[in-house]
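Report on the following structure.
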Amino acid sequence: MRGHIRERSPGHWAIVLDHHDPMTGQRKRRWHSFAGTKRQAQVRCAELVAELQSGTSVDPNKITVVEFLDRFDRDWAALHVSARSRERYRFALDHVRRHLGDRMLQTLHPADIAALYASLTREGLAPRTTRMVHTALHRALGQAKNWGILRDNPADIAKPPKAPGRETPMLQPSEAAGLLERLRGQPLYLIASLALGTGMRRNEMLGLRWQDVDLDAGRLTIEQSLEQTATHGIRIKAPKTRHGRRTISLPAHLVLELGQHWREQQEQRLAVGLGKAPENAPVFAAVDGRHLSPNAITKAWPVAMAAIGMPAVTLHSLRHTHASMLINAGLDILTISRRLGHSSPTIALNVYGHLIHGGDDRAAQIMEVAFGSKMVAGGGGKLEK
């Protein structure tokens, strides 16, 4: 049993494995595509030879789409994404399994994927959901290419339907204040107030512990968030990126509200015999001291909004409202991005850039200060025609 590599084009290699079929004794040859350096191709060739010798190798010419997607879920998604994201991949790729699962992976072409998107559209699947299927499939087939199972990614060419534009929902300051006033005294009031006052995400608020809150300094630190999946239930996870772990300054009214909430929570715990809450106790807790369910909050929110006559307001729109109010007040986009925990200020610019006004007028004023007086002095302030 041996293997060797052949260069097809700069940076692209054919890995050829020669072996004998133990049943027939006949010589067989397997071909794998690989993109990378010569050294990387040699390493991959050695890995494939080892897999073939151990009996764990899979002939890429005999693997079906559904078999590969199972392998992608087991060997990639399980290791590289959160449990919640893995569930989203499974949901999206189940559509692929249903339509293309029996196809041989090597025979999958862009036209087949385009036909998949057309079928999903005819079934009534929303364009945004079809695009989610495309994103998941593109990632999976890209990994097949990285693993040398496919030479090219057919999803590079097939395009999903365009999703209709959707404006980011935001409230005017008076509407936000009205929402809080109508929610005052209700279970979701503090969550709404914290979302509007800090821009925190739902799962960040539900993962907040008392040890993360410094009422004396008027700050809180986001160190973790909650995640709820069908497989694992409710569990704690770290922020997606290093920028998600951040410290946020609190407005004075939130310091007072959180202090009052702490006192009420201690009284409630003492009443049921739990004793004083430990430092790692969640800020938003059930009667027994456990974390609240993110899914339960999501279900309760529209009910509460309908009851106060604001059914179109989502919990996430309060985060957008927080950002829009800061932009309208003239706060710089970098500070806003850091406060929101974005991995890059570019995200804030893409989402909220249309709200930034007046910058172009200011640019003209700067240029006038720099050059206007010189032009007037040199030309008498008149334009020649």
Side-chain angles (χ1 to χ4, degrees), residues 77-89 168 190-229 231-255 257-259 261-262 265 277-285 289-295 297-298 314-327 331-353:
L79 303 177
H80 294 90
V81 300
S82 68
R84 181 61 176 163
S85 295
R86 188 183 181 189
E87 282 192 351
R88 294 191 184 102
Y89 272 109
T168 303
L190 186 56
I191 287 179
S193 184
L194 191 62
L196 282 169
T198 65
M200 292 172 66
R201 302 175 177 92
R202 178 200 63 177
N203 286 4
E204 291 174 339
M205 291 187 287
L206 297 183
L208 193 67
R209 302 162 297 182
W210 284 115
Q211 69 187 51
D212 303 321
V213 181
D214 187 341
L215 295 178
D216 293 331
R219 291 192 297 264
L220 61 80
T221 301
I222 297 173
E223 295 282 355
Q224 62 181 32
S225 66
L226 290 193
E227 179 180 68
Q228 185 169 7
T229 64
T231 304
H232 301 288
I234 299 173
R235 65 180 186 178
I236 296 169
K237 67 172 186 176
K240 287 184 178 180
T241 68
R242 62 184 180 88
H243 298 280
R245 185 176 283 106
R246 61 200 188 275
T247 298
I248 297 176
S249 297
L250 296 170
H253 74 274
L254 269 179
V255 174
E257 290 175 353
L258 285 168
H261 177 65
W262 184 86
Q265 191 178 88
E279 287 189 352
N280 64 350
V283 172
F284 297 101
R290 293 185 297 177
H291 288 282
L292 295 180
S293 160
N295 290 349
I297 296 298
T298 297
T314 66
L315 180 55
H316 198 67
S317 68
L318 304 189
R319 174 174 163 85
H320 293 313
T321 299
H322 174 80
S324 68
M325 292 175 69
L326 295 181
I327 289 172
L331 192 63
D332 66 277
I333 200 70
L334 179 59
T335 299
I336 295 171
S337 176
R338 288 173 175 169
R339 189 172 176 88
L340 295 175
H342 288 153
S343 59
S344 168
T346 304
I347 297 174
L349 284 172
N350 289 339
V351 177
Y352 306 111

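Heads up: numbering here begins at 1 and tracks the sequence.
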Check residues 331-341 and write down every donor-acceptor pair under 3.5 Å in which the side-chain atom is one partner and the other belongs to a residue at least two apart or another chain.
{"from": "D332", "atom 1": "OD1", "to": "T335", "atom 2": "OG1", "distance (Å)": "2.8"}
{"from": "D332", "atom 1": "OD2", "to": "L334", "atom 2": "N", "distance (Å)": "3.3"}
{"from": "D332", "atom 1": "OD2", "to": "T335", "atom 2": "N", "distance (Å)": "2.9"}
{"from": "D332", "atom 1": "OD2", "to": "T335", "atom 2": "OG1", "distance (Å)": "3.0"}
{"from": "R339", "atom 1": "NE", "to": "H322", "atom 2": "NE2", "distance (Å)": "3.0"}
{"from": "R339", "atom 1": "NH1", "to": "S249", "atom 2": "O", "distance (Å)": "3.2"}
{"from": "R339", "atom 1": "NH2", "to": "G197", "atom 2": "O", "distance (Å)": "3.0"}
{"from": "R339", "atom 1": "NH2", "to": "S249", "atom 2": "O", "distance (Å)": "3.0"}

Report the relative orientation of the aromatic rings in W210 and W262; use parallel for angles under 30°, tilted for 30 to 60°, perpendicular for over 60°. perpendicular
Output, in order, the C-alpha distance, side-chain angles, deciding distance and verdict of side chain to side chain contact (heavy atoms under 4.5 Å, CB included) for L190 and L258. CA-CA 8 Å; L190 186 56; L258 285 168; 4.1 Å; yes
Would you say [X] and [Y] make side-chain contact, with heavy atoms under 4.5 Å?
X    : Y    : result
H291 : I236 : yes
L194 : V283 : no
L220 : D212 : no
P282 : L206 : no
S82  : K237 : yes
D214 : L250 : no

To the nearest 0.5 Å, how far apart are [atom1] in [X] and [atom2] in [Y]?
X    : Y    : atom1 : atom2 : answer
I234 : N203 : CD1   : CG    : 9.5 Å
S317 : R319 : OG    : CZ    : 12.0 Å
I248 : L208 : CD1   : CG    : 9.0 Å

For E223, which of R246, R245, R209 qualifies under side-chain hydrogen bond (donor to acceptor under 3.5 Å, both in side chains)? R245
Without swapping roles, check the side chain of [X] against the backbone of [Y] for a donor-acceptor pair under 3.5 Å.
X    : Y    : result
Q224 : G207 : yes
Q228 : S293 : no
R202 : P294 : yes

Could you report the tightest heavy-atom contact between R235 and A83, atom names first, then the distance? NH2-CB, 2.9 Å
Ignoring hydrogens, what is the shortest heavy-atom contact between A285 and L292? Give both atom names and the distance.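 What the structure gives for the nearest pair is C-CD2, 3.7 Å.
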